[in-house]
Enquirer: 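Sharing a structure below in structure tokens format, with a few things to ask.
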2 protein chains.
Amino acid sequence: MAEKKRATIADVAKLAGVSITTVSRVMNKNYPVKEETRQKVEKAIEELEFKPNLLARGLIHNKTQTIGILTPSIENLFFSQVVKGIDSIIKNKGYTTFLCNTEGDPQQEKLMIGNMKDRSVDGIIAINPRTNNIKSGYYELISKQIPLVIINGYNKGIRCNYVLNDGEVGTLEALRYLYDEGHRDIAFLRGLHSYSYDVKENIYKEFCKDNKIMFSEDDVLVIKDGNGLEAVEQSKATVENMLKKKDKITAIFACNDWMAVGALNAAKALKISVPDRFSIIGFDNTIISQITEPSLTTVDQNMTGLGQTAGKRICEIIKEKDKENRKIIIETKLIIRDSVNVISE
Amino acid sequence: MAEKKRATIADVAKLAGVSITTVSRVMNKNYPVKEETRQKVEKAIEELEFKPNLLARGLIHNKTQTIGILTPSIENLFFSQVVKGIDSIIKNKGYTTFLCNTEGDPQQEKLMIGNMKDRSVDGIIAINPRTNNIKSGYYELISKQIPLVIINGYNKGIRCNYVLNDGEVGTLEALRYLYDEGHRDIAFLRGLHSYSYDVKENIYKEFCKDNKIMFSEDDVLVIKDGNGLEAVEQSKATVENMLKKKDKITAIFACNDWMAVGALNAAKALKISVPDRFSIIGFDNTIISQITEPSLTTVDQNMTGLGQTAGKRICEIIKEKDKENRKIIIETKLIIRDSVNVISE
DNA sequence: TTGTACGCGTTATCAC
DNA sequence: GTGATAACGCGTACAA
């Protein structure tokens with residue numbers, strides 16, 4: 001019940017019989033202090049359990065030892081993994097993370113970034129931000145005000161720091177794998193708004209043309225929320241609908257593992273055997289892909305690496321080691337499991 | 001490149017030709033201001049895109065409109081769901097959330113709470129904190145310094161605000177279900193350190209005694225990290241090991257869905273059919289339980305409700321509407337799916 | 001209705 | 001080596 005008030009630097013100074021300046025010096029070790037006084041001060045600090053008020057510090061330096069992370073969904077294991085990667089790097093550098101959920105809403109995204117700026121975070125990492133906010137120049141503007149790294153978002157001509165998985169190569173490799181196994185009627189499943197979906201769709205269309213695969217616009221299936229848990233339900237409905245109409249489709253490429261799960265559930269609901277009659281390939285290689293039955297063939301995008309790289313990068317930018325913007329690409333890797341079958345003509 | 005500095009209240013005052021006090025009054029609407037001056041000030045605010053510095057404000061009030069959330073893992077869909085529930089409530093009240101990951105480490109837990117206090121958060125919600133930190137009185141102490149709500153943690157005699165799922169009833173219902181289906185040899189799978197595991201284990205042991213079920217200590221399987229993704233691997237290894245040794249076990253109760261998945265994988269690895277020869281029951285009702293094959297029978301603990309309730313509670317405490325500590329229990333519900341089979345004698 | 005001046009807890013600058 | 005004192009940006013008694 002004592003409800004002790006938190007000690008301030010002044011309390012410490014009084015107890016130690018020195019000035020607050022000296023206390024500050026002992027704490028920050030930035031100026032020489034006589035060993036004897038140092039001891040006195042340290043004792044007082046310990047006794048009062050003094051911890052400096054970060055707000056007051058922040059007010060002076062405009063630094064708070066905090067990094068803000070923006071994610072469209074914490075329900076997607078992809079993001080958890082990326083965040084874990086970021087954390088692992090910046091924790092060691094004395095930063096704390098400040099995680100914000102946007103639900104993939106572009107307005108929320110801006111609002112949250114405002115919140116972060118208000119709280120004087122030292123830097124921001126935005127994971128899979130909305131394409132429009134990049135294109136419109138919004139992020140470029142922010143980037144000039146505060147250190148910023150964008151993970152899995154990009155737009156030509158927009159000057160920002162990017163860390164991206166190699167969605168082009170990953171998608172291509174997956175499609176080629178399907179092709180080599182004999183598939184010629186491949187559908188494509190994506191969410192509405194994200195750079196990474198756009199990249200994949202472009203590759204898909206190019207691939208079809210290059211390989212003289214016939215495809216119509218309704219082979220591109222689009223669900224509203226790609227990142228959250230809703231993706232499963234929405235994908236199921238969409239794919240089920242497609243499977244009923246177009247029975248010549250033999251395979252589907254889904255832009256993430258949740259969507260792939262939805263596709264799998266659709267097939268199951270229609271008693272279409274996977275992979276015997278319908279092949280599915282996912283993206284991300286979250287643990288989900290190992291759990292389904294059959295387990296999902298998918299593209300590993302090294303989520304931890306993505307996070308770690310972004311973590312390192314933001315620290316560099318904060319320390320101004322590197323004022324240039326950079327675009328760092330992380331390699332992907334096809335993980336072959338059981339959801340794709342050979343087609344014999 | 002203009003790198004405009006953020007406007008301060010003084011800039012606004014100057015531009016509007018008034019004192020900073022007046023600007024402050026316009027912003028906070030706490031004192032009457034002549035309509036005409038108000039207009040001038042509002043115009044200036046808009047023009048300079050002025051937003052008050054929350055650090056400065058926080059320094060005065062010791063309030064930052066921020067709520068800290070502590071979670072042992074963001075990889076577990078259970079926590080994502082709870083956090084979403086919290087968010088949905090407190091966003092509307094003008095708070096921002098500050099999510100911290102402890103990896104279930106008791107030291108990290110304290111460290112993170114320190115971080116939050118340093119940043120003058122207005123309140124803290126701790127999800128599934130380590131039992132020892134509650135028992136030791138640590139959380140009771142924190143609770144005196146700062147508004148605190150504990151989700152799924154509890155200890156007799158420790159005065160805190162709690163929001164709990166009814167683990168007793170949920171576990172009992174699940175065990176009774178297994179019993180009614182004919183199971184008499186039931187193993188129990190838990191993680192090492194958490195109140196919710198302790199509750200369930202107690203119920204399990206009581207249940208066995210009450211129903212004259214023989215059980216030995218090695219029917220209680222314990223893995224190290226219950227909350228993270230590692231739980232899947234660890235559970236698989238542990239359960240596989242058990243299944244090899246004790247073939248009379250016909251069912252297992254797992255303390256969360258990830259562990260249940262691990263148990264499922266173990267059975268698959270040994271080509272033991274689920275549920276024909278081995279039944280599994282999980283806990284949480286995360287989406288995972290719908291995805292596995294067979295889908296998991298599990299206990300829904302209303303994760304969103306848990307989060308929402310905690311969100312409301314923390315707001316009440318902050319506003320000091322209610323100085324009494326309370327313990328709020330959220331109901332659970334058995335969800336019957338396909339991972340449990342009837343045993344015929 | 002408006003303005004002055006001080007305080008919040010720290011760090012940095014300049015004296016001593 | 002050490003200590004006053006002015007910042008940082010805002011809110012608020014108090015005075016006018």
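Chain letters run A, B, ... following the sequence lines, proteins first and then strands; every chain starts at 1.
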Enquirer: Verify the contact: side-chain N or O of A/R57 to OP1 or OP2 of C/dT11, cut-off strictly under 4.0 Å; return yes or no.
Expert: yes
Enquirer: Does B/S24 reach a base, just sugar-phosphate, or nothing at all? Heavy atoms under 4.0 Å.
Expert: base
Enquirer: OP1 or OP2 of C/dT11 sitting under 4.0 Å from any side-chain N/O of A/N30?
Expert: no
Enquirer: The side chain of B/Y31 is closest to which nucleotide in this list: D/dC10, C/dT10, D/dA13?
Expert: D/dA13
Enquirer: Kindly say whether, by distance alone, the side chain of B/T21 makes a donor-acceptor pair under 3.5 Å with the base of C/dT4?
Expert: yes
Enquirer: May I ask you to say what A/L55 touches in the nucleic acid, namely base, sugar-phosphate or nothing, with a heavy-atom cut-off under 4.0 Å?
Expert: nothing
Enquirer: Of all the choices, D/dG1, C/dT2, D/dC10, which nucleotide is nearest to the side chain of A/K34 once you look at every atom?
Expert: D/dG1
Enquirer: Measure the shortest side-chain to side-chain distance between A/I86 and A/I151 over non-hydrogen atoms and say whether it is less than 4.5 angstrom.
Expert: yes
Enquirer: Looking at the side chain of B/R25, which of C/dT11, D/dC14, C/dT13 is the nearest nucleotide?
Expert: D/dC14
Enquirer: When we call it a touch if two heavy atoms are under 4.0 Å apart, what does B/N62 touch: a base, just sugar-phosphate, or nothing?
Expert: nothing
Enquirer: Give the nucleotide from the list D/dG1, D/dT5, C/dC8 with an atom nearest to the side chain of B/I60.
Expert: C/dC8
Enquirer: Taking the side chain of A/T22 as heavy atoms from C-beta outward, which of C/dT11, C/dT2, D/dT2 is closest to it?
Expert: D/dT2
Enquirer: Using whole Å, what does the distance between atom P of nucleotide C/dT1 and atom CD of B/Q39 come to?
Expert: 15 Å
Enquirer: For D/dC10, take OP1 and OP2 only and decide whether either is under 4.0 Å from a side-chain N or O of B/H61.
Expert: no
Enquirer: Given C/dT2, D/dG3, C/dG9, which nucleotide is nearest the side-chain atoms of B/V33?
Expert: C/dT2
Enquirer: Take the protein atom CG of B/L59 and the nucleotide atom P of D/dT12, then report the distance between them rounded to whole Å.
Expert: 13 Å
Enquirer: Whether B/N53 contacts D/dC8 is assessed here as follows: a side-chain N or O lying under 4.0 Å from the phosphate OP1 or OP2. Is that the case?
Expert: no
Enquirer: Is B/S19 close enough to C/dT4 that one of its side-chain N or O atoms is under 4.0 Å from OP1 or OP2 there?
Expert: no
Enquirer: When we call it a touch if two heavy atoms are under 4.0 Å apart, what does A/K51 touch: a base, just sugar-phosphate, or nothing?
Expert: sugar-phosphate
